[in-house]
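In what follows, every heavy atom counts, from backbone to side chain, and hydrogens, waters and symmetry copies are set aside. Proteins get letters first, then strands, A, B, ... in listed order; numbering begins at 1 in each.
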Number of protein chains: 4
Amino acid sequence: MRKSPQQQRSKQMVNTLLEATAKCIALRGLDNTSTPAIAEIAGVSVGSLYQYFDGKDALLAALLNKLALDVGTALKHIPAREGVTLRTLIEQAIDMGFSLLNSSDGLYLELVRNWHRLPTEQVADVLQQHFSETARMYFIKHFQQYPIVDLQVRLFIIINSTLFTMVRLASQQHESLLSEKSVRNGLVNMIVGYLEQG
Amino acid sequence: MRKSPQQQRSKQMVNTLLEATAKCIALRGLDNTSTPAIAEIAGVSVGSLYQYFDGKDALLAALLNKLALDVGTALKHIPAREGVTLRTLIEQAIDMGFSLLNSSDGLYLELVRNWHRLPTEQVADVLQQHFSETARMYFIKHFQQYPIVDLQVRLFIIINSTLFTMVRLASQQHESLLSEKSVRNGLVNMIVGYLEQG
Amino acid sequence: MRKSPQQQRSKQMVNTLLEATAKCIALRGLDNTSTPAIAEIAGVSVGSLYQYFDGKDALLAALLNKLALDVGTALKHIPAREGVTLRTLIEQAIDMGFSLLNSSDGLYLELVRNWHRLPTEQVADVLQQHFSETARMYFIKHFQQYPIVDLQVRLFIIINSTLFTMVRLASQQHESLLSEKSVRNGLVNMIVGYLEQG
Amino acid sequence: MRKSPQQQRSKQMVNTLLEATAKCIALRGLDNTSTPAIAEIAGVSVGSLYQYFDGKDALLAALLNKLALDVGTALKHIPAREGVTLRTLIEQAIDMGFSLLNSSDGLYLELVRNWHRLPTEQVADVLQQHFSETARMYFIKHFQQYPIVDLQVRLFIIINSTLFTMVRLASQQHESLLSEKSVRNGLVNMIVGYLEQG
DNA sequence: TATGAATGAGGCTTCATTCAT
DNA sequence: CATGAATGAAGCCTCATTCAT
């Protein structure tokens with residue numbers, strides 16, 4: 001590990017680099033994202049890059065963490081007011097998912113597609129925790145009469161199903177016969193149905 | 001295109017190379033699968049590789065086609081006898097999925113993980129058709145009373161959900177808290193529930 | 001050296017290979033003329049090629065010899081009847097040059113362009129001798145009153161000047177502002193003028 | 001295009017590489033001039049080569065441009081004082097030609113030999129323009145009484161004739177029966193004679 | 001002899017990383 | 001700290017030639 005940033009300039013540099021990484025991935029794809037390319041986009045020398053990050057992987061890891069936090073935050077802002085139905089909640093989550101996948105020039109899309117080549121542990125942790133907690137709280141509040149068994153399993157299934165179905169759709173967007181809306185509704189139906197099963 | 005094989009030896013070589021490719025992907029991952037690596041595993045010179053395939057991509061494409069055919073064949077052998085329930089059908093498909101993902105040293109796992117970097121068109125075609133047909137026939141036979149609307153959408157969702165949920169599980173197998181069995185059952189429940197919705 | 005052809009079949013094979021070589025050079029250029037390519041055009045295996053020729057260079061050398069003989073023969077047929085003027089003689093030679101360069105899909109053009117990479121010694125010999133003899137005889141017959149001094153030098157200059165000027169012109173034919181005719185006439189004038197100098 | 005050099009070191013490197021390229025071509029011939037060979041002669045890693053040039057072709061193009069400029073400059077320094085005869089002018093040009101061809105270990109020789117495989121457009125431009133202008137000016141100044149018709153054609157013929165005759169001679173120098181001097185004089189006679197023709 | 005599959009040296013190029021300035 | 005030039009291992013591919021059948 002390099003020194004962690006301790007000064008103003010440092011933090012800015014770190015930020016610049018992370019943004020450049022994001023931009024590069026979005027524009028050129030993960031495969032074409034090289035350290036020189038990142039440095040160039042950041043308007044900084046490769047050397048500097050290595051002052052702040054141990055290398056490509058460290059940079060990616062940092063980017064993922066940052067994004068995970070952002071997403072986590074965004075998720076927390078899905079209003080869980082009193083009386084909101086499960087269906088509504090899920091609709092909102094999925095809509096947010098689609099808008100993330102379509103945002104940032106496809107950054108998230110490219111990242112999820114390549115999840116297995118990325119240092120995703122922490123990301124998974126962050127999101128997993130968020131969803132687990134949210135779900136647990138929701139069910140405790142609303143459905144204590146028929147508590148969900150196997151919550152972990154169901155969450156695992158739902159999250160992966162939704163995420164990758166969305167990614168696959170977004171990946172063929174232009175040439176797809178399926179509309180985003182119909183897939184969204186299908187997913188919602190499937191998930192709600194599943195969660196309401198004894 | 002290279003000359004197509006014209007002799008006994010040739011067909012064998014093609015096979016050797018495809019197997020080496022498969023082995024290499026399984027053992028070392030797609031990223032570390034290079035033409036030299038393949039040639040070495042095949043016990044053959046790089047030159048030979050290029051006598052039979054136009055390059056790395058052609059080799060991959062050929063491998064995928066072959067595997068798609070194999071899988072297609074395997075799927076056709078899922079017995080669809082009279083009176084088999086939808087649940088059973090799906091259970092069998094999923095079980096087959098898991099056994100494929102766990103077979104061949106993880107070859108299928110690695111391939112599905114990297115789907116977006118592979119020349120998957122034909123593969124998708126083969127499988128898509130199989131599932132579409134099977135599903136259509138099944139529902140025509142059993143459920144004409146409440147015909148499934150949006151079959152394409154539902155299949156898209158189900159297939160991707162299942163596939164990637166399984167892949168994600170298999171990818172963390174050793175360290176996962178979730179058992180294959182529980183995920184399998186969850187998926188089956190979810191899918192059956194979804195398909196039986198009006 | 002391989003065995004020299006001693007049988008019918010052999011001679012034919014040699015011929016087929018030489019023609020294939022010529023064709024290949026004309027169509028694909030010397031740089032893209034590989035032994036496999038030649039064998040394929042000849043409809044013969046690479047192995048056979050090596051039965052008859054020691055390799056690429058031997059093949060080229062043989063081709064050049066053959067062509068040199070052909071050209072030599074053609075040159076001999078330029079009618080040197082009584083009373084033909086020097087100018088006419090040269091015009092005919094140049095016209096023949098242009099028609100060779102434009103013939104055979106550009107084979108000669110490509111060969112002359114690449115003269116320095118070819119085993120040209122013998123070719124040069126053949127042609128050199130032809131021209132020397134012709135010239136000597138011509139001048140002895142017609143101009144003994146003012147015999148050309150430095151015949152070797154003059155021939156060297158004339159031949160190379162003409163040849164490469166023609167080749168250069170033919171090489172840019174399509175995009176050239178200069179017409180073949182005007183260059184031809186210019187060459188003739190220059191050469192005749194030069195030869196008639198004391 | 002690579003980044004253009006921005007520092008002292010860079011310009012030096014560019015130079016080193018161009019010189020190494022020149023050296024390599026001169027010593028080993030164009031065919032044996034490979035990127036590894038150039039890098040080795042330059043005493044530099046292959047990678048460096050690619051920091052400065054897009055590849056072999058770019059390197060060649062750059063070398064040619066540089067040499068064209070050098071030659072252009074040299075030509076401009078052929079003194080065209082008042083009263084210099086056409087013959088003298090041509091003698092000087094040819095002498096300069098010979099000395100170039102014999103210089104740099106035969107670099108120019110090898111380059112001209114391979115003209116048709118080189119990116120020669122700009123080179124041709126530079127030289128063509130020089131000669132056209134010089135010739136035009138010369139004839140306007142001295143011979144307006146009998147203006148040369150077909151100047152373009154004559155220049156084309158003269159330049160190519162001279163150049164390739166010289167190259168051919170230089171290519172067989174050691175084994176030739178012809179002396180440089182005699183060929184030089186022959187060329188001069190031929191050219192002057194040609195240019196003075198109505 | 002004829003075949004053509006197999007070889008492997010050699011050419012081109014990229015990019016993560018280091019290090020002298 | 002910042003810089004960016006330099007490195008070199010590693011990937012991709014071609015083709016002249018050999019050799020088992």
Side-chain angles (χ1 to χ4, degrees), chain A residues 2-3 7 9-10 13 31-40 44-59, chain B residues 2-3 5-14 31-39 42-57, chain C residues 2-3 7 9-10 13 31-40 44-59, chain D residues 2-3 5-14 16 31-39 42-57 59:
Chain A
R2 307 278 156 155
K3 293 182 196 174
Q7 305 191 347
R9 269 204 306 180
S10 303
M13 175 91 257
D31 283 331
N32 298 316
T33 292
S34 58
T35 41
I38 293 170
E40 189 181 340
V44 147
S45 70
V46 215
S48 292
L49 189 157
Y50 279 87
Q51 294 274 334
Y52 290 94
F53 294 96
D54 272 350
K56 204 191 193 183
D57 290 350
L59 206 38
Chain B
R2 303 279 153 166
K3 296 176 202 169
Q6 288 158 355
Q7 302 198 343
Q8 283 303 324
R9 278 200 284 182
S10 302
K11 278 178 193 164
Q12 216 186 106
M13 177 88 252
V14 164
D31 282 330
N32 298 314
T33 292
S34 57
T35 41
I38 293 170
V44 144
S45 70
V46 217
S48 292
L49 191 158
Y50 282 91
Q51 294 228 340
Y52 293 94
F53 295 96
D54 270 350
K56 200 196 196 181
D57 291 349
Chain C
R2 306 280 155 154
K3 293 184 197 172
Q7 306 191 347
R9 267 203 307 178
S10 302
M13 175 91 257
D31 282 331
N32 298 316
T33 291
S34 57
T35 41
I38 292 169
E40 188 181 341
V44 146
S45 70
V46 214
S48 292
L49 189 159
Y50 279 87
Q51 295 274 334
Y52 291 94
F53 294 95
D54 273 351
K56 204 190 194 182
D57 290 349
L59 206 39
Chain D
R2 304 277 152 167
K3 296 176 200 166
Q6 288 158 357
Q7 302 198 342
Q8 284 302 324
R9 277 199 284 180
S10 302
K11 278 177 194 165
Q12 216 184 105
M13 177 88 253
V14 164
T16 307
D31 282 330
N32 298 314
T33 292
S34 58
T35 42
I38 293 170
V44 145
S45 71
V46 218
S48 292
L49 191 158
Y50 282 90
Q51 294 229 339
Y52 294 93
F53 295 95
D54 271 351
K56 201 196 196 180
D57 291 350
L59 208 37

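- Toward the 5' end of DNA chain F, the nearer of the two residues B:Asp57 and D:Gly43, judged by each one's closest nucleotide, is D:Gly43.
- Listed pair D:Thr35 / E:dG11 fails the phosphate criterion, with no side-chain N or O lying under 4.0 Å from OP1 or OP2.
- Using a 4.5 Å heavy-atom cutoff, the side chains of B:Phe53 and B:Val14 are in contact.
- The heavy-atom pair separating A:Ser45 from A:Ala39 by the smallest distance is C-CB, 3.9 Å.
- The nearest heavy atom of DNA chain E to B:Gly47 and to A:Lys56 marks one nucleotide each, and the one closer to the 5' end goes with B:Gly47.
- Contact annotation for D:Ser34: backbone-only contact, meaning every heavy-atom pair under 4.0 Å involves sugar-phosphate atoms and none involves a base.
- For F:dT3, one of the phosphate oxygens OP1 or OP2 lies less than 4.0 angstrom from a side-chain nitrogen or oxygen of A:Ser45.
- Side-chain N/O atoms of B:Thr33 include none lying less than 4.0 angstrom from OP1 or OP2 on F:dG11.
- The heavy-atom pair separating A:Ile38 from A:Thr33 by the smallest distance is CD1-CG2, 3.6 Å.
- Nearest heavy atom pair, residue D:Ala37 against residue D:Asn32, reads CB-O, 4.1 Å.
- Mapping D:Val46 and B:Pro36 onto DNA chain F by nearest heavy atom places D:Val46 at the nucleotide closer to the 5' end.
- The two residues B:Ser34 and B:Lys56 make their nearest non-hydrogen contact at CA-CE, 4.3 Å.
- Here A:Ser48 lies in heavy-atom contact (under 4.0 Å) with a base.
- Across all strands shown, E:dA16 is found opposite F:dT7 as a Watson-Crick or G-U wobble partner, with both distances under 3.5 Å.
- In this structure, D:Val44 reaches the sugar-phosphate backbone alone: every heavy-atom distance under 4.0 Å involves primed, P, OP1 or OP2 atoms, never a base.
- Remark: F:dT21 base-pairs with E:dA2; criterion is Watson-Crick or G-U wobble with both hydrogen-bond distances under 3.5 Å.
- Here C:Tyr50 does not reach the OP1 or OP2 of F:dC19: none of its side-chain N or O atoms lies under 4.0 Å away.
- A:Leu49 places its CG atom 13 Å from the C1' atom of E:dT18, with the value rounded to the nearest Å.
- The listed nucleotides are E:dT13, E:dT17, F:dA6; the one nearest the side chain of D:Gln51 is F:dA6.
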